[in-house]
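A short write-up of the structure that comes next.
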Amino acid sequence: MIDAQSKVRLIKKLEDKKQFQNLKIFDIHIWPVIRLHFAKISNFQNKNQKKILSTKKNYLKLLNFLFKSFFQKTKIVDVFAYSRSEDNIKDEDNNYYDKNLDSVIKKFRTESQSIEKYILYNNNSNELPNIEEVYHFSLLTYSTTNYILFRLSILFKLNIRKFKKEILFLNKFLDKNFKIDTNDMYKDLTIIYFYSKLFQKILKKKKPKLVIVSCYYNLIGFSLIHAANKLNIPSVDVQHGICEPVHIMYNNWNYIPKKGYNILPNFFMSWGDKTADSINFYFNNSPHKAVIGGKLDLNQYKFDKNKSIIIKKLKKIIGKDKKIILFTCSLRNIPENFYQSIIELSKKNNCFFLIRFHPLHSFSYSEKLINNLKKNKINCFDYKITSKANIYDLLSISDFHFTGDSTVAYEALNFNIKSIIIEKEGKIFFSDYISKKIFIYTENFNEIVSIINNNINFKLDKNDRREYYITNKVVNLSELFDLNER
């Protein structure tokens, strides 16, 4: 297993051996794709990422979309938004929403900017999201002929030869568990290349002034940014989680091409100063830069007076006079120390645990622990309703918040709740807040139990800076990205 700091050292070692920043295959800068390979190691990985769902229903949607895009007069938009299907979850009205992007889309619309949202539908979803602008893209359905001609071309053969040579050079410096599979990497680059061609056709029709994504570092995100770059359309990545200090897709870029990487966004829209400063430190004097846009879903929640139906249901399940403990999962299993804490604290019957899985988390990761709790007749917890509820609604009723490394720790500060960090990855990510005693770090099961049993006060005091990570300032996005000047 490789931790985040080890990944940073590995990246630095490889970049010092040979500067890959100008290396292109199929006109794609491949170093960000290689970094993505290392980012996935030891983390949750969507193994079905490259598979395309082929149901009749979705091919009909695709053909309908292609007909509208390429043959009918297309509606021109100011902003083109791409959302991953796994980022769209159901709300209590059974509508799908993207926590990171939908608030940004709403803000653009209040600023009179026309915007359309597109979702790539993949194998991990059982049904299509209930959103009007949802289209399923398929590589080979789009252009089988072009794909075959490309495979037979001299350009293809020359690029593959060059590509294999570079990967073999890289693999000399890698442990056997981290070596790059040339076939998998080739497939990744092919997908980026052809989806970029598809997106270029769509963007030429839509003529947007701006392209936005959240969590850009996936094959389709790379493709869209590459297409926008080819058409001189600025692209924006909307912050979705922790970006510093050791996230290798946002930080620790040691060498950058003069004109920038053609599959990296022009702008990183950050929640606050800390993230923006960290990203700009590495991308200084480059075409890539971080700007502060705030966390719009949090700002919009503050003005929303509606009480959640889900929370009312949850309160009935919890009952009265219970300490409510929210645990936000990382992409790893529920840690053993938290599992043991539930067992111990359940004996007094005065606590209720809200277990919220990460949006990309598979329940099977922690199924054994959940089932063990049920076998021991421990029922003072919920994960089904909690994982669907609005995180801010959950924070509004919680007394404690525990996490491994979730950025909910920062969001909790806006609800006057300090967080207890119980995994070593979080110790790295939240080191400054832990050193200032705004967050508490412990992996010790007995300390976790003691904190809750002794009602230790984790409310904020006047010296705690809430704006350090997430700004409270209201930002005009159209002005931030100069949309009215284009």
Side-chain angles (χ1 to χ4, degrees), residues 1-4 40-47 86 89 99 124 241-242 314 317-318 322-391 394-395 397-412 417-430 434 439-453 458:
M1 184 166 178
I2 182 171
D3 60 28
K40 290 178 179 178
I41 294 174
S42 84
N43 287 342
F44 170 82
Q45 184 173 351
N46 176 4
K47 294 180 181 178
E86 56 264 39
I89 59 176
K99 180 177 181 289
N124 291 323
I242 292 176
L314 208 48
I317 297 170
I318 295 169
K322 296 283 181 73
K323 298 175 185 177
I324 300 176
I325 299 145
L326 173 64
F327 177 73
T328 50
C329 297
S330 65
L331 285 171
R332 297 174 293 279
N333 292 345
I334 296 174
E336 185 68 20
N337 55 6
F338 191 71
Y339 169 71
Q340 291 296 334
S341 301
I342 296 176
I343 293 176
E344 181 63 28
L345 290 164
S346 65
K347 295 175 183 177
K348 288 191 175 183
N349 196 33
N350 65 344
C351 295
F352 196 92
F353 296 87
L354 304 176
I355 301 172
R356 183 178 177 85
F357 289 124
H358 189 283
L360 301 183
H361 193 292
S362 168
F363 168 62
S364 60
Y365 275 44
S366 298
E367 188 172 7
K368 184 179 178 181
L369 292 181
I370 296 292
N371 288 337
N372 283 342
L373 290 173
K374 291 178 179 178
K375 284 179 184 178
N376 288 307
K377 296 183 178 180
I378 296 172
N379 300 310
C380 57
F381 70 93
D382 171 79
Y383 65 93
K384 290 184 178 178
I385 297 175
T386 301
S387 293
K388 290 182 178 180
N390 184 307
I391 187 62
L394 296 174
L395 287 169
I397 65 169
S398 296
D399 299 301
F400 298 91
H401 173 239
F402 288 81
T403 189
D405 58 15
S406 171
T407 48
V408 174
Y410 292 125
E411 295 167 288
I417 300 174
K418 291 188 177 183
S419 295
I420 299 93
I421 312 303
I422 62 174
E423 293 187 75
K424 65 178 183 179
E425 291 281 356
K427 184 181 179 182
I428 298 169
F429 293 136
F430 303 124
I434 292 169
F439 296 162
I440 303 300
Y441 170 71
T442 179
E443 292 184 55
N444 186 291
F445 143 69
N446 290 318
E447 286 185 17
I448 294 172
V449 172
S450 176
I451 286 169
I452 296 172
N453 276 338
F458 280 93

Validation row: [X], [Y] side chains within 4.5 angstrom (heavy atoms):
{"X": "Ile440", "Y": "Glu447", "answer": "no"}
{"X": "Ile428", "Y": "Asp405", "answer": "no"}
{"X": "Ile370", "Y": "Phe381", "answer": "yes"}

- Item | CA sep, side-chain torsions, deciding dist, call: Phe327, Phe353, side-chain contact (heavy atoms from CB on, under 4.5 Å) | CA-CA 7 Å; Phe327 177 73; Phe353 296 87; over 6 Å; no
- Task: Evaluate side-chain contact (heavy atoms from CB on, under 4.5 Å) for Leu394 paired with Leu314, printing each intermediate quantity in order.
- Result: CA-CA 9 Å; Leu394 296 174; Leu314 208 48; 3.7 Å; yes
- Task: With side-chain contact (heavy atoms from CB on, under 4.5 Å) as the test, would you mind laying out the steps for Ser330 and Glu423 before giving the verdict?
- Result: CA-CA 10 Å; Ser330 65; Glu423 293 187 75; 3.7 Å; yes
- Can you tell me how far CG of Asn379 sits from CZ of Phe352, rounded to the nearest 0.5 angstrom? 9.0 Å
- Could you state the interatomic distance from CD1 (Ile421) to CZ (Phe430), rounded to the nearest 0.5 Å? 4.5 Å
- For the side-chain contact (heavy atoms from CB on, under 4.5 Å) test, which of Thr386, Ile334, Thr328 pairs with Ile355? Ile334
- Message: For Arg356, run the side-chain contact (heavy atoms from CB on, under 4.5 Å) check against Asp382, Ile391, Thr403, Ile385 and tell me which one passes.
- Response: Ile391
Would you list the atom pairs, donor with acceptor, under 3.5 Å between side chains in residues 337-345 and any protein atom, with sequence neighbours excluded?
{"residue": "Asn337", "atom": "ND2", "partner": "Ile422", "partner atom": "O", "Å": "3.1"}
{"residue": "Asn337", "atom": "ND2", "partner": "Glu443", "partner atom": "O", "Å": "3.1"}
{"residue": "Gln340", "atom": "NE2", "partner": "Glu336", "partner atom": "OE2", "Å": "2.8"}
{"residue": "Ser341", "atom": "OG", "partner": "Asn337", "partner atom": "O", "Å": "2.7"}
{"residue": "Glu344", "atom": "OE1", "partner": "Lys347", "partner atom": "NZ", "Å": "3.2"}

- Item | Check: Ser450 side chain, Asn446 main-chain N or O, donor-acceptor pair, under 3.5 Å | no
